[in-house]
Asker: 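One structure is given below, represented as structure tokens, and several questions about it will come after.
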Amino acid sequence: MGNYVGKSMKRVEDPRFIQGQGRYVANLKIYGMTHAAIKRSPYPHAKINSIDTAAAEALDGVIAVFTGKDLADSGVNPIPCGFTPPDIKLPPHHALAIDRVRHVGDGVAVVIAESAYIAYDALDLIEVDYEPLPAVVDAKAAAQPGAPQVHDEVPNNVSFTWAIGDEAAVNAALAACDHVVELDLINQRLIPNAMEPRAAAAQWDSAMEQMTVWTSSQNPHTIRLLLSAFTLGIPEHKLRVISPDVGGGFGSKIFHYAEEVIVPWAARKIGRPVKWVATRSESHMTDAHGRDHVTHCKLGMSQDGIFQALHIENYANMGAYLSLFAPMIPTALYHTLMAGLYKTPVIYGVTYGTMTNTTPVDAYRGAGRPEASYVLERLIDIASRDLNMDPIEMRRKNFIQPDEFPYQTPVALIYDSGNYDAVFDTAVEMADYSAMRAEQAAARAAGKLVGVGVSGCIEASGAGPSAAVVSLGAAIGLYESGAIRVHPTGKVTVLTGAHSHGQGHETSLAQIVGDELGIPISDIEVIHGDTERLPYGVGTYASRSMAVGGGALVMSAQKIRDKITRIAAHQLEAAVEDMVYDRTTGTVHVKGAPDKAKAFGEIAFAVTLANNLPAGMEPALEETSYFDPPNFTFPNSAHIAKVEVDKDSGEVTLLDYVAVDDVGNIINPLLVEGQIVGGVAQGVGQALWEHGAYDAEGQLLSGTFMDYAMPRADGFPQIRVGRTVTPSPSNPLGVKGAGEMGTIAGTVTVVNAVMDALAPLGVRHLDMPLTAEKIKAAIAAANGGSN
Amino acid sequence: MKVSMTVNGKTYTRDVEPRMLLVHFLRDELGMTGTNIGCDTSQCGACTIHMNGMAVKSCTTLAVQADGATITTIEGLANGSELHPMQKAFWENHGLQCGYCTPGMIMAATKLVENNPNMTEAEIRHGLEGNICRCTGYENIVRSVKAAAAQMGGGD
Ligand code: FES
Ligand code: FES
């Protein structure tokens, strides 16, 4: 047991945030800085006949106006897609549209002005002659014959078809089943809405031919690679990308966005720094959205509830362009999770990725895995009702057992560890499940609509083994880097390729290194988010920072300890094998002679003196490591929710929520709990309130916070969090991802609870969000329209 | 138009366009970027400050409306190096993750507690309805406000 790991330590990054000293991109002020604003299409689909920028250019304070043609003419390349399964049709994605706009918010021109106010004034002076075209919005409708075509390069709007499993075997198994649950469901579109709107700034140093880009990104190294190898072609060694403090991401800040191309291009063109900050309305129109699946699914089982076969047919809305990782989400991160916690022997799944006249869709917290859990756990919920079986009992009957790990699922993944009964035991106890059921029975008898919802979810997180993800179609490996630099005075700089945008890595990674080296965390600073200061890195998503980024730091710490040990042995004239590195005190001593010791700081200084080191040893105490994990990690959960539905208004009140998760070993329980609760809130948001809605013509109906229902403080009871721990064997720390389980489980748990409340009325399934209006209508319909 | 206001104890006078929002005045004219902007429809509360003793959304106030006002922003909440009890409580109870909603949340919560140091949990949750946080699920924010209320009990 170390001094820090496993302890709830308050965060070292907080003082700057609670005092208004966060370093967000929008706060940047650079000498000579100009401001960009982007003219966006009000049409979902239209031909651009002409763009007249003369009046805008004439406005006092406007420096320049550029269009998509200007960018293309100067050699700017389209934004690439970084996950390309075989036979994918890749339509071009220009940073500014050239001859056609394909969604509301598609950029057509950029104004650069002396102030943001002037830039916005100038937008109104740009005249775009549009010729509206018919639009398509729905993921499945897009693939039907006669649907409006979004891209000439993508016939029938189907960009890719991705399948896994033996369909004939699944169909045969389903035909032989005692009972088959069949369901059509929609996993509605969400708008991620990190509270910091996206922002980008750039400065071109013409003398050095050096470009610096600041961007609110979860992965500055990846953005540098894309800017260099694809969009702008600026040599990578002349390009620095900085993501300072980033105000939340949830996936939406992974991708290479148009503004990250436009802003540096313009900065170079006009020879002055440029900054662009999104308004919230722009975020709604242009941040990659999440989810948006239309799914038909079947689960077959025996009369006693043993699952036999699962069949999934899914249409995934890609939106107007293929965002960076978009095709990966409803494929490699979705169908591969369909085994859930269970031993279903045969599974088949297919996804059609379709183009529509909507904002591009990509990873949003959970990314594919919440959609998978939603399908599976809804099916099981309905099945348990059909077979009159307790939903927990049915799940337990099908669990993969603790002695069956590593477990090869029928959908590619090998689960590394777990004990699902233990997770459920804890949840059942925390929730007092039988009392909950008894209360529900009493409430029902009193004529109330009270429901209890259960789910058991799994996630493949901590991406990931590079060979596996690249073989599936990813264009980058998913290792992570971690460097430890010991200064002559014994202070330590830790550099990580992971990026913190709320997770608290400056604290948790310091805890890890503090314990690995036996030094106080006040002597450690964690640096992230600057390509110039760090070794090569990948970034933070898929709950990978502790598992992969933490793993790399453990490796570096090991190398530092080894070197310190060798130096101490040399100076104490002892054999290296006789040395003991005490990780609680940061001292090295000779076995059996604790007074023959060297402290961490002494060795650090001795390295600088460099006069008494083992022969041939380099005088440096600095190590960099790259960790590529052998497998994903597989966090899993048992969540239980209790809700009441108001009979008259249809309004849902969340009465109780218990979240028990096995996220492996825990570095900082305070931070993990924060991740789980925050995640649950986002999951509940999807279940009850949130919807990125378009009308049939492609207008975005939820364009602001007035029409997009964000979860608020009064929407929740206290969320109760518990845990079990089975360490992951896939990384040196034994951790599993903690960032996404809450969201993955939260959505389906609450939907199951509401459906349980409505079950006495014979309501089998309603699509999310479960708004009062929708439920009221369902109650009325169930009562024969008498309500 | 000339406006003059006292911000965090110091008086500033500037010539501004009549349409300039107070939040832009604070951020761009005075360089106090602690007050964040999270929306354009006055819904998220990220921009909350204190103006003449009340919690105000500075994105919905014109700089000229603040002429002559006394304003406190997140940068001026602490008493020198001594954090305000609300700031301390947010730190101790992990009431923030990305920190973006935090300045507005702390400024709003401070006034809530000053107005009623004995709020129930439901009252705290209701009182924070005008402030959106995407990260925390509010649990630890509520906990922070409770803890600060206990410290601030006598009012100030
Ligand atoms: S920025 Fe003022 S309420 Fe959102
Ligand atoms: S801490 Fe990120 S929005 Fe509240």
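Quick note on labels: first sequence line is chain A, next is B, and so on, each numbered from 1. Only heavy atoms go into these numbers, but all of them, side chains included; no hydrogens, no water, no symmetry mates.
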Asker: Quick check for you: among Gly22(A), Gly247(A), Ala681(A), which has the greatest number of heavy-atom pairs under 4.5 Å with chain B?
Answerer: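 Winner by heavy-atom pair count: Gly247(A).
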
Asker: Is there a donor-acceptor pair closer than 3.5 Å between any side-chain N or O of Gln97(B) and the backbone N or O of Gly248(A)?
Answerer: no

Asker: What distance do Arg125(B) atom CZ and Phe716(A) atom CZ have between them, rounded to the nearest 0.5 Å?
Answerer: 8.0 Å

Asker: Highest number of heavy-atom pairs under 4.5 Å with chain A: which of Ala78(B), Gly34(B), Ala122(B)?
Answerer: Gly34(B)

Asker: Among Thr704(A), Val684(A), Leu671(A), Ile676(A), which residue has the highest count of heavy-atom pairs closer than 4.5 Å to chain B?
Answerer: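 Counting heavy-atom pairs under 4.5 Å, the top option is Leu671(A).
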
Asker: Quick check: closest heavy atoms across His94(B) and Leu670(A), and the distance to 0.1 Å?
Answerer: CD2-O, 3.3 Å

Asker: Which atoms of Ala26(A) come close to chain B, meaning under 4.5 Å heavy atom to heavy atom: side chain ones, backbone ones, both, or neither?
Answerer: both

Asker: Is it the case that the side chain of Glu139(B) and the backbone of Ile719(A) share a donor-acceptor pair, with hydrogens and angles ignored and the cut-off at 3.5 Å?
Answerer: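 Such a contact is found between Glu139(B) side chain and Ile719(A) backbone.
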
Asker: Side chain, backbone, both or neither: which part of Met20(B) has a heavy atom under 4.5 Å from chain A?
Answerer: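 Both the backbone and the side chain of Met20(B) come within 4.5 Å of chain A.
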
Asker: Which heavy atom in Tyr24(A) sits nearest to a heavy atom in Tyr100(B), and how many Å separate them?
Answerer: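 Scanning both residues completely, I find the closest heavy atoms to be OH-N, 3.2 Å.
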
Asker: Would you check if Phe90(B) and Asp14(A) make a side-chain contact, meaning some heavy-atom pair closer than 4.5 Å?
Answerer: no

Asker: So with a 6.0 Å cut-off around CD of Glu114(A), is the heavy-atom count from everything else above 12?
Answerer: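 Yes - once you tally the heavy atoms of other residues, nucleotides and ligands closer than 6.0 Å, there are more than 12.
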
Asker: So which bits of residues 36-48 of chain B come within less than 4.5 Å of chain A, counting non-hydrogen atoms only?
Answerer: Asn36(B), Ile37(B), Gly38(B), Cys39(B), Asp40(B), Thr41(B), Gln43(B), Cys44(B)

Asker: Under 4.5 Å, counting heavy-atom pairs only, tell me which of Ile74(B), Leu128(B), Asn140(B), Ile141(B) racks up the most with chain A.
Answerer: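 Greatest number of close heavy-atom pairs with chain A: Ile74(B).
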
Asker: Using non-hydrogen atoms only, which part of Gln675(A) is less than 4.5 Å away from chain B: side chain, backbone, both, or neither?
Answerer: both

Asker: Give the C-alpha distance, both sets of side-chain angles, the deciding distance and a yes or no for side chain to side chain contact (heavy atoms under 4.5 Å, CB included) between Ile18(A) and Ile106(B).
Answerer: CA-CA 8 Å; Ile18(A) 57 178; Ile106(B) 287 179; 3.9 Å; yes

Asker: Counting a contact as any heavy-atom pair under 4.5 Å apart, which residues of residues 54-65 of chain B contact chain A?
Answerer: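 No residue falls under the 4.5 Å cut-off.
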
Asker: Is chain B contacted by the side chain of Met706(A), its backbone, both, or neither, given a heavy-atom distance below 4.5 Å?
Answerer: both

Asker: Relative to chain B, which of Gly679(A), Ser8(A), Ser281(A), Gly715(A) shows the most heavy atom pairs under 4.5 Å?
Answerer: Ser281(A)

Asker: Run the numbers on Gln19(A) and Leu83(B) for side chain to side chain contact (heavy atoms under 4.5 Å, CB included), then give the verdict.
Answerer: CA-CA 8 Å; Gln19(A) 298 183 87; Leu83(B) 293 176; 3.6 Å; yes

Asker: Ion pair present between Arg19(B) and Asp121(A), side-chain N to carboxylate O less than 4.0 angstrom?
Answerer: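 The answer is yes: the pair qualifies as a salt bridge.
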
Asker: Decide if atom CZ of Arg723(A) counts as having more than 12 heavy atoms of other residues, nucleotides or ligands within a radius under 6.0 Å.
Answerer: no

Asker: Which bit of Thr136(B) is near chain A, if near means a heavy-atom gap under 4.5 Å: side chain, backbone, both or neither?
Answerer: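 Only the backbone of Thr136(B) comes within 4.5 Å of chain A.
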
Asker: What heavy-atom pair brings Asp714(A) and His126(B) nearest, and what distance separates the two atoms?
Answerer: OD2-ND1, 4.1 Å

Asker: Are side-chain N/O atoms of Arg712(A) and Asn131(B) paired as donor and acceptor at under 3.5 Å?
Answerer: no

Asker: Sort Val677(A) into side chain, backbone, both or neither according to what part of it lies under 4.5 angstrom from a heavy atom of chain B.
Answerer: both

Asker: Verify, without hydrogens or angle tests, whether Arg134(B) (side chain) and Gln682(A) (backbone) share a donor-acceptor contact under 3.5 angstrom.
Answerer: no

Asker: Check whether more than 12 heavy atoms from other residues, nucleotides or ligands sit under 6.0 Å from atom CG of Asp60(A), and answer yes or no.
Answerer: no

Asker: Under 4.5 Å, counting heavy-atom pairs only, tell me which of Glu129(B), Met32(B), Arg143(B), Glu17(B) racks up the most with chain A.
Answerer: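 Ranked by heavy-atom pairs under 4.5 Å with chain A, first place is Glu129(B).
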
Asker: What's the separation between atom OG1 in Thr33(B) and atom NZ in Lys29(A), rounded to the nearest 0.5 Å?
Answerer: 9.0 Å

Asker: Side chains of Leu96(B) and Arg11(A): does their closest heavy-atom pair fall under 4.5 Å?
Answerer: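 Heavy-atom side-chain distance check passes, below 4.5 Å.
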
Asker: For Tyr138(B) and Pro711(A), work out which heavy atoms get closest and say how close.
Answerer: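 Closest approach of Tyr138(B) to Pro711(A), heavy atoms only: OH-O, 2.6 Å.
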
Asker: What's the shortest heavy-atom distance between Cys98(B) and Phe17(A), and which atoms?
Answerer: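 Distance-wise, the nearest heavy atoms are O-CE2, 3.6 Å.
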
Asker: Of the listed residues (Gly685(A), Pro15(A), Ser115(A)), which shares the most heavy-atom pairs with chain B below a 4.5 Å separation?
Answerer: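 Greatest number of close heavy-atom pairs with chain B: Pro15(A).
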
